[in-house]
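The figures that follow rest on heavy atoms only: side chains count, while hydrogens, waters and symmetry mates do not.
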Amino acid sequence: RWRESEPGGSPNGGRLVNGVRLPASGTGYYTYDPRTQAEPGGLDTRWGTARLVREMVDLGRWWARTHPGAGALGIGDLARPGGGSIDGHASHQNGLDVDIRLPRRDRARGPANPSNYDRALTQAVVDRLVQRGASLVLIGPSLNLRGPSGVVVRWPNHDDHLHVRFPG
């Protein structure tokens, strides 16, 4: 259900007011739980601001339209319904952050890594996120990706997914 929502505090110590839940799947995307790698993603970690959820739904639609043979994008954790900490994350606390799996060269669903990710398709996702106003896209140090300095940032432990933040 769409409604106005607000991030509170910081991504590393915040809350989410009137969050919106991302559906388990939609055009061009599916959700997964990063802790178990199982689909769908957890009911309690698929919440975000209305803008973040709209961006993920729109990203899926764009992906399906522009890369029809590439399979769906995997969307991991957003936030909890009221914000707060999630196991395995320092941030994701105020509804502005989301993790996205790297598209794989073999088009299979499941974890990707620097040896099996599709560089061109992943770069297309990064470019789209930047174009849509992402304020931060964390990429792993072993990934051959690029983007605007200060927005696309190399960060440890991100060789298997993109960490994306949109402004509040």
Side-chain angles (χ1 to χ4, degrees), residues 1-35 37-67 70 72-103 109 112 121-140 145 147-148 150-153 155 157-158 160-168:
R1 194 174 96 223
W2 294 112
R3 59 183 164 258
E4 291 303 314
S5 54
E6 291 182 31
S10 73
N12 292 34
R15 65 191 179 288
L16 175 61
V17 178
N18 291 324
V20 175
R21 188 177 66 199
L22 178 69
S25 63
T27 302
Y29 80 91
Y30 65 95
T31 61
Y32 72 97
D33 183 331
R35 285 156 296 285
Q37 300 301 320
E39 297 176 34
L43 279 174
D44 64 337
T45 58
R46 293 196 332 248
W47 294 80
T49 62
R51 177 180 181 187
L52 180 63
V53 172
R54 281 188 191 107
E55 290 291 348
M56 292 305 97
V57 169
D58 289 348
L59 180 68
R61 290 179 181 152
W62 166 82
W63 182 256
R65 185 177 65 254
T66 59
H67 304 286
L73 284 174
I75 307 295
D77 287 338
L78 282 74
R80 293 195 181 283
S85 65
I86 298 176
D87 289 345
H89 297 288
S91 61
H92 290 261
Q93 293 193 28
N94 66 355
L96 299 176
D97 295 346
V98 60
D99 288 336
I100 302 172
R101 272 189 175 153
L102 308 178
R109 290 187 182 196
L121 290 178
T122 305
Q123 185 65 57
V125 173
V126 170
D127 293 345
R128 175 69 177 189
L129 294 165
V130 169
Q131 176 190 37
R132 295 290 303 166
S135 58
L136 180 67
V137 180
L138 297 179
I139 62 172
L145 301 169
V151 175
V152 178
V153 177
W155 203 258
N157 302 315
H158 286 78
D160 63 347
H161 70 283
L162 304 172
H163 175 103
V164 181
R165 180 171 298 148
F166 279 91

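- Taking the ring centre of Tyr32 as origin, the terminal cationic atom of Arg101 falls inside the region bounded by 6.0 Å and 45° from the ring axis.
- The only member of Leu16, Leu52, Thr49 that meets side chain to side chain contact (heavy atoms under 4.5 Å, CB included) when paired with Leu96 is Thr49.
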Where do Arg3 and Val20 land on the side-chain contact (heavy atoms from CB on, under 4.5 Å) test, with the steps shown first?
CA-CA 7 Å; Arg3 59 183 164 258; Val20 175; 4.1 Å; yes

Assess the residue pair Asp97 and His89 against the criterion (side-chain contact (heavy atoms from CB on, under 4.5 Å)); give the C-alpha distance rounded to whole Å, side-chain angles, the decisive distance to 0.1 Å, and a yes or no.
CA-CA 10 Å; Asp97 295 346; His89 297 288; over 6 Å; no

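- Within the 4.5 Å cutoff, side-chain heavy atoms of Leu145 are placed close to those of Leu162.
- With Thr45 as reference, Asp77 is the one residue of Asp33, Thr31, Asp77 to meet the side-chain hydrogen bond (donor to acceptor under 3.5 Å, both in side chains) rule.
- At least one side-chain heavy atom of Pro103 sits under 4.5 Å from a side-chain heavy atom of Trp63.
- No donor-acceptor distance shorter than 3.5 angstrom exists from the side chain of Thr27 to the backbone of Arg61, with no hydrogens or angles considered.
- A 4.5 Å side-chain heavy-atom check between Met56 and Leu73 finds every atom pair outside the cut-off.
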Hey, mind stepping through His163 and Trp155 against side-chain contact (heavy atoms from CB on, under 4.5 Å) and telling me if it holds?
CA-CA 9 Å; His163 175 103; Trp155 203 258; over 6 Å; no

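- Looking at Leu59 and Ile100, their side chains come closer than 4.5 Å, going by heavy atoms from C-beta outward.
- In the displayed structure, Glu4 atom CD is contacted under 6.0 Å by at most 12 heavy atoms of other residues, nucleotides or ligands.
- Counting only residues at least two apart or in different chains, salt bridge (charged side-chain N to carboxylate O under 4.0 Å, His left out) contacts with residues 44-53 comprise Asp44-Arg80, Arg51-Glu55.
- There is a side-chain donor-acceptor pair under 3.5 Å between Gln123 and Asp127.
- Between the His92 side chain and the Leu78 main chain, a donor and an acceptor come within less than 3.5 Å of each other.
- Annotation for Asn18: atom CG counts as buried by contact number, over 12 foreign heavy atoms lying within 6.0 Å.
- With sequence neighbours left out, Asn12 forms a side chain to side chain donor-acceptor pair (under 3.5 Å) with no residue at all.
- Listed by chain and residue number, nothing satisfies the salt bridge (Lys or Arg N to Asp or Glu O under 4.0 Å) test with Arg128 (two or more places apart in sequence, or in another chain).
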Step by step, would you call Glu39 with Ser25 a side-chain contact (heavy atoms from CB on, under 4.5 Å)?
CA-CA 9 Å; Glu39 297 176 34; Ser25 63; over 6 Å; no

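- Between His158 and Ile139, the closest side-chain pair of non-hydrogen atoms is not below 4.5 Å.
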